[in-house]
There are 2 protein chains.
Amino acid sequence: MARKPIFKCAADPEADKLSETLKVISDSKRLRILCTLFSGEKCVCEIEAGLAISQPLASHHLGVLREAGLIKVRKEGTWSYYALDLDAIRRLNAAFKEYLGAERIPEDYPSNTTCCTPSGSARGIEKAKT
Amino acid sequence: MARKPIFKCAADPEADKLSETLKVISDSKRLRILCTLFSGEKCVCEIEAGLAISQPLASHHLGVLREAGLIKVRKEGTWSYYALDLDAIRRLNAAFKEYLGAERIPEDYPSNTTCCTPSGSARGIEKAKT
DNA sequence: TACTTATATAAACCATTGTTAATATAATAT
DNA sequence: ATATTATATTAACAATGGTTTATATAAGTA
């Protein structure tokens, strides 16, 4: 029936940003490219050979990662050298930790809070058990 | 032209698993549900109201999260109480750290390694600059 | 029994996206 | 200039997936 959201995370626009970034890295090829770039700068032909994918496909995925700001390019002649954008990687780490970090798990999880009132209507997160 | 992969991460089947999980959590609604469940067990009607989405949609996303093993259900009468699967959350944290953890960034990144031989063919990651 | 209530499932629709094949650009070498 | 090399771009296609509407299940209540 769609009322207004009552959870903190539900209203947080940061969640959209994080999910957008996660969507970019949730492709297995792109995840592998990122993982690979930790070892240093790479050109397209190396990604291509390293992941055993075609040149246009490598170029495409690198473009998506770049568009998302996760990597950056350095051009030299006909070569394009791609590397991680360290600030973006650090921001991603921070956001992931904030939303899904295992440190967030409470000691007594799940703290047995009930959910719905006897009448059946959903209660707000702040409302205690009746 | 697609040769065989030469990067470690490129051959690692764990990358497929992680990307699969990331795909599940990269939906903004599901990310918000997970984030919400850190505060404790919730029933469908609470998720529904908390995120301001329809009942079938809430049920659907919870099903996807459950299918992925990230959350678990406890049924009581007509109610379904969902909670985080703590082991899964911890595994996700570990995998994320292993693949994209900021700790992986080398001191001198990017260590200026060249990429392609003068002849233009890609070199393996272990092969040094000519 | 009949009537809610909470949740799950199914079908249909629409938008997005990964992939391939073909082509374009632009720098370098002959 | 011509050819080759590295990379980017485009169009087309197939597949996936989020959302809605409608319906089903199943437990409680009158």
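Throughout, protein chains are lettered first and strands after them, A, B, ... in sequence-line order, and every chain is numbered starting at 1.
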side-chain contact (heavy atoms from CB on, under 4.5 Å) with A:Pro106: which residues, sequence neighbours excluded?
-> A:Asp108, A:Tyr109
Rounded to whole angstroms, how far apart are CD on A:Glu48 and P on D:dT7?
-> 8 Å
Determine which pairs satisfy side chain to side chain donor-acceptor pair (under 3.5 Å) with at least one residue from residues 92-107 of chain A, sequence neighbours left out, and list them in order.
-> A:Asp12-A:Tyr99
Below 3.5 Å, can you tabulate the donor-acceptor pairs from side chains in residues 82-89 of chain A to any protein atom, sequence neighbours excluded?
unit_1  : atom_1 : unit_2  : atom_2 : d
A:Asp85 : OD1    : A:Asp87 : N      : 3.2
A:Asp85 : OD1    : A:Ala88 : N      : 3.2

Any side-chain N or O of B:Tyr82 under 4.0 Å from OP1/OP2 of C:dA6?
-> no
With sequence neighbours excluded, what pairs up with A:Val64 under the side-chain contact (heavy atoms from CB on, under 4.5 Å) test?
-> A:Val24, A:Arg30, A:His60
Taking 4.0 angstrom as the limit, do A:Lys29 and B:Asp16 come out as a salt bridge?
-> no
Residues two or more places apart in sequence or in another chain: which of them pass side-chain contact (heavy atoms from CB on, under 4.5 Å) with B:Ala94?
-> none
A:Ser59: what forms a side-chain contact (heavy atoms from CB on, under 4.5 Å) with it, not counting sequence neighbours?
-> A:Gln55
Could you give all pairs that pass the ring pair (Phe, Tyr, Trp, His ring centres under 6.0 Å) test and reach residues 11-30 of chain A, with sequence neighbours left out?
-> none
Could you check whether A:Ser80 gets within reach of a base, just the sugar-phosphate, or nothing at all, counting any heavy atom under 4.0 Å?
-> sugar-phosphate
How does each nucleotide of nucleotides 11-22 of chain D score, in 5' to 3' order, for protein heavy atoms under 4.0 Å: base (B), sugar-phosphate only (S), or none (-)?
-> -------SBSBB
Give every pair of a protein N or O atom and an N or O atom of nucleotides 25-30 of chain C that lie under 3.5 Å apart, one pair per line with the distance.
none

